[in-house]
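These numbers come from a predicted model, not from an experiment. Chain letters run A, B, ... following the sequence lines, proteins first, then strands; residues in each count from 1. Atoms considered below: every heavy atom in the structure, side chains included; atoms not considered: hydrogens, waters and symmetry mates.
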Number of protein chains: 2
Amino acid sequence: MTIGEAAAASGVSAKMIRYYEEIGLLPAAARTAGGYRVYGERDAHALRFIRRARDLGFPVERIAELLALWRDRTRASADVRKVATGHIATLRARIVELQGMVRTLEHLAAHCHGDARPDCPILDDLAEGPRDTVRRDHHG
Amino acid sequence: MTIGEAAAASGVSAKMIRYYEEIGLLPAAARTAGGYRVYGERDAHALRFIRRARDLGFPVERIAELLALWRDRTRASADVRKVATGHIATLRARIVELQGMVRTLEHLAAHCHGDARPDCPILDDLAEGPRDTVRRDHHG
DNA sequence: TCTGGGGCTTCCCATGGTGGGAAGGTCAAG
DNA sequence: CTTGACCTTCCCACCATGGGAAGCCCCAGA
């Protein structure tokens with residue numbers, strides 16, 4: 001398989017495959033006499049694994065851990081779950097952050113006339129900072 | 001005010017102040033004879049504005065729009081609200097994405113023994129792809 | 001066997017914000 | 001005038017991805 005075929009078979013772009021090899025997420029691929037990278041089914045499988053892990057938002061660093069666990073048949077499922085739950089916590093924290101922003105913005109937008117007049121609590125808030133009730137408590 | 005004082009007064013690092021100037025978010029600061037940037041209260045005010053907008057997750061591009069509206073006393077509040085609601089939509093979309101990941105991961109983690117045994121549905125899912133009920137539908 | 005063109009190679013650049021650090025100049029207090 | 005804190009610019013890094021250029025490889029078709 002060429003890198004293009006591996007890309008098509010895995011959903012990971014050729015660019016990214018080379019990048020993953022460069023940063024050591026993947027072992028260096030075998031090469032043809034002419035220098036072309038060659039991939040097998042096993043490689044394509046690993047690439048699909050990576051692709052799915054990325055779709056679930058795992059950073060490359062965690063994916064490396066997951067790949068190592070995957071390849072280690074003596075792994076403990078507890079170790080895998082630890083990686084997963086840690087990632088869940090990270091995602092949840094991010095969600096909470098974003099929800100806080102949304103809450104504040106909704107509050108501000110709700111109090112903005114949204115017409116031709118220039119006065120606007122959104123700008124007032126950005127300019128003068130937190131003054132009233134519902135504020136950036138989520139931030140601390 | 002030196003850049004360090006402006007940074008302390010606004011919560012924006014000196015590095016970032018220079019960066020914002022470089023990308024045109026801020027006008028070039030006045031300079032002393034020796035080349036030091038000089039800031040006034042007005043500048044500090046704008047920096048605090050930027051800081052708060054960033055805390056609300058606005059990308060620099062949107063902040064530029066907000067700053068322009070802020071400085072334009074003939075603005076329509078509707079324009080401000082449009083920027084805000086657009087950003088809210090972006091944030092919400094991101095939240096939905098993250099929630100989808102969390103949902104999938106929770107489902108997988110719940111079915112993982114989490115003990116010393118090696119078999120693990122989390123790895124199975126990453127390796128073999130979506131098979132059962134609760135899947136990455138959120139993704140499409 | 002030659003040729004064409006599509007795919008491959010490496011290398012550099014950009015994104016978006018942020019930080020770190022080096023080399024050198026400035027400023028204000030003493 | 002010295003000293004040391006602060007400023008200047010410039011480069012590098014992160015994370016993950018894409019774009020593009022210059023040049024080489026490979027195979028199908030003539």
Please set out all donor-acceptor pairs under 3.5 angstrom arising from side-chain atoms of residues 81-91 of chain B, sequence neighbours excluded.
residue, atom, partner, partner atom, Å
B:R81, NH1, A:C112, O, 3.0
B:T85, OG1, B:R81, O, 3.0
B:T85, OG1, B:K82, O, 3.1
B:H87, NE2, B:L56, O, 2.9
B:H87, NE2, B:G57, O, 3.3
B:H87, NE2, B:F58, N, 3.4
B:T90, OG1, B:G86, O, 3.1

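- Every residue two or more places apart in sequence or in another chain was checked for a side chain to side chain donor-acceptor pair (under 3.5 Å) with B:R18, and none qualifies.
- Across all non-hydrogen atoms, the minimal contact from A:R51 to A:V12 is CB-CG2, 3.8 Å.
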For residues 35-44 of chain B, tabulate all N or O donor-acceptor pairs below 3.5 Å that involve a side-chain atom, not counting sequence neighbours.
residue, atom, partner, partner atom, Å
B:R37, NE, B:E21, OE1, 2.9
B:D43, OD2, B:G40, N, 2.7

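- Applying the side chain to side chain donor-acceptor pair (under 3.5 Å) criterion to B:R71, with sequence neighbours excluded, gives no partner residue.
- The stretch residues 26-45 of chain B touches DNA chain D through B:R31, B:G35, B:Y36, B:R37, each having a heavy atom within less than 4.0 Å of the strand.
- When the local axes at the two ends of the helix from C:dT1-D:dA30 to C:dG30-D:dC1 are compared, using 5 base pairs at each end, they differ in direction by 30° after rounding to 10°.
- Contact check of residues 12-20 of chain B against DNA chain D (heavy atom, cut-off under 4.0 Å) returns B:K15, B:R18.
- Protein chain A contacts DNA chain C over a range whose 5' and 3' limits, counting nucleotides with an atom under 4.0 angstrom from a non-hydrogen atom, are C:dG7 to C:dC11.
- Contact between A:R52 and B:L126 at its shortest, heavy atoms only, is NH1-O, 2.9 Å.
- Residues of residues 58-66 of chain A having a heavy atom closer than 4.0 Å to DNA chain D, listed by number: A:P59, A:V60.
- Residues that satisfy the salt bridge (Lys or Arg N to Asp or Glu O under 4.0 Å) test with B:R54, not counting sequence neighbours, are absent from this structure.
- Under the rule for a side chain to side chain donor-acceptor pair (under 3.5 Å), the partners of B:S77 that lie at least two apart in sequence or sit in another chain are A:D115.
- Two residues are said to be in side-chain contact when any heavy atoms from C-beta on lie closer than 4.5 Å; B:V60 and B:Y20 meet this criterion.
- A:A127 pairs by the side-chain contact (heavy atoms from CB on, under 4.5 Å) definition with B:H45, B:F49, B:W70, not counting sequence neighbours.
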